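One structure is given below, encoded as structure tokens.
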Amino acid sequence: MFEIMIWAGAGISLIGLAGLIWSIVRVFRARRANLPDDELRAVLQSVLPLNLGALFLSVIGLMLVVVGVLLG
């Protein structure tokens, strides 16, 4: 039972990590495009919820892994 929790947590953490990498890629592309300040700010504001959501998924996944290891 706890092995399932550990593997599910690892999977959720990997999804969160992929979201973090995707948000970094979007910001680098926007910076490399030499956008004006207003457009760059709009891109950053659109990336922020994705970044926070991915960070939340990573934390929840790691918490599942730690709880699964401690209880298992």
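Index from 1, following the sequence. Here the structure is a predicted model, which is why all the values come from computation and not from measurement.
Hydrophobic clustering of Ile, Leu, Val, Met, Phe, Trp and Tyr side chains at less than 4.5 Å, counting indirect connections, unites V67 with F2. The cluster map of Ile, Leu, Val, Met, Phe, Trp and Tyr, joined by side-chain heavy atoms under 4.5 Å apart, puts L71 and I12 in the same cluster. Tracing side-chain contacts under 4.5 Å through hydrophobic residues (I, L, V, M, F, W, Y), one reaches M5 starting from I15; they form part of the same cluster.
In this structure V69 satisfies the side-chain contact (heavy atoms from CB on, under 4.5 Å) test together with I6, V65, sequence neighbours excluded. Residues meeting the side-chain contact (heavy atoms from CB on, under 4.5 Å) test with A30, sequence neighbours left out: L35, L40, V43. Listed by chain and residue number, I60 satisfy the side-chain contact (heavy atoms from CB on, under 4.5 Å) test with F56 (two or more places apart in sequence, or in another chain). Annotation: side-chain contact (heavy atoms from CB on, under 4.5 Å) contacts of L50 (sequence neighbours excluded): W22, S23, R26.
Nearest heavy-atom pair, S58 versus L20, reported as atom, atom and distance to 0.1 Å: OG-CD1, 4.1 Å.
As a member of the Ile/Leu/Val/Met/Phe/Trp/Tyr network built from side-chain separations under 4.5 Å, I4 groups with nothing else and remains a singleton. Hydrophobic clustering, defined by side-chain heavy atoms of Ile, Leu, Val, Met, Phe, Trp and Tyr closer than 4.5 Å, groups L48 together with L52.
Atom CZ of residue R31 and atom CG of residue L44 lie 9.0 Å apart, to the nearest 0.5 angstrom.
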Side chain to side chain contact (heavy atoms under 4.5 Å, CB included) between S13 and L57, intermediate numbers included: CA-CA 6 Å; S13 290; L57 279 177; over 6 Å; no

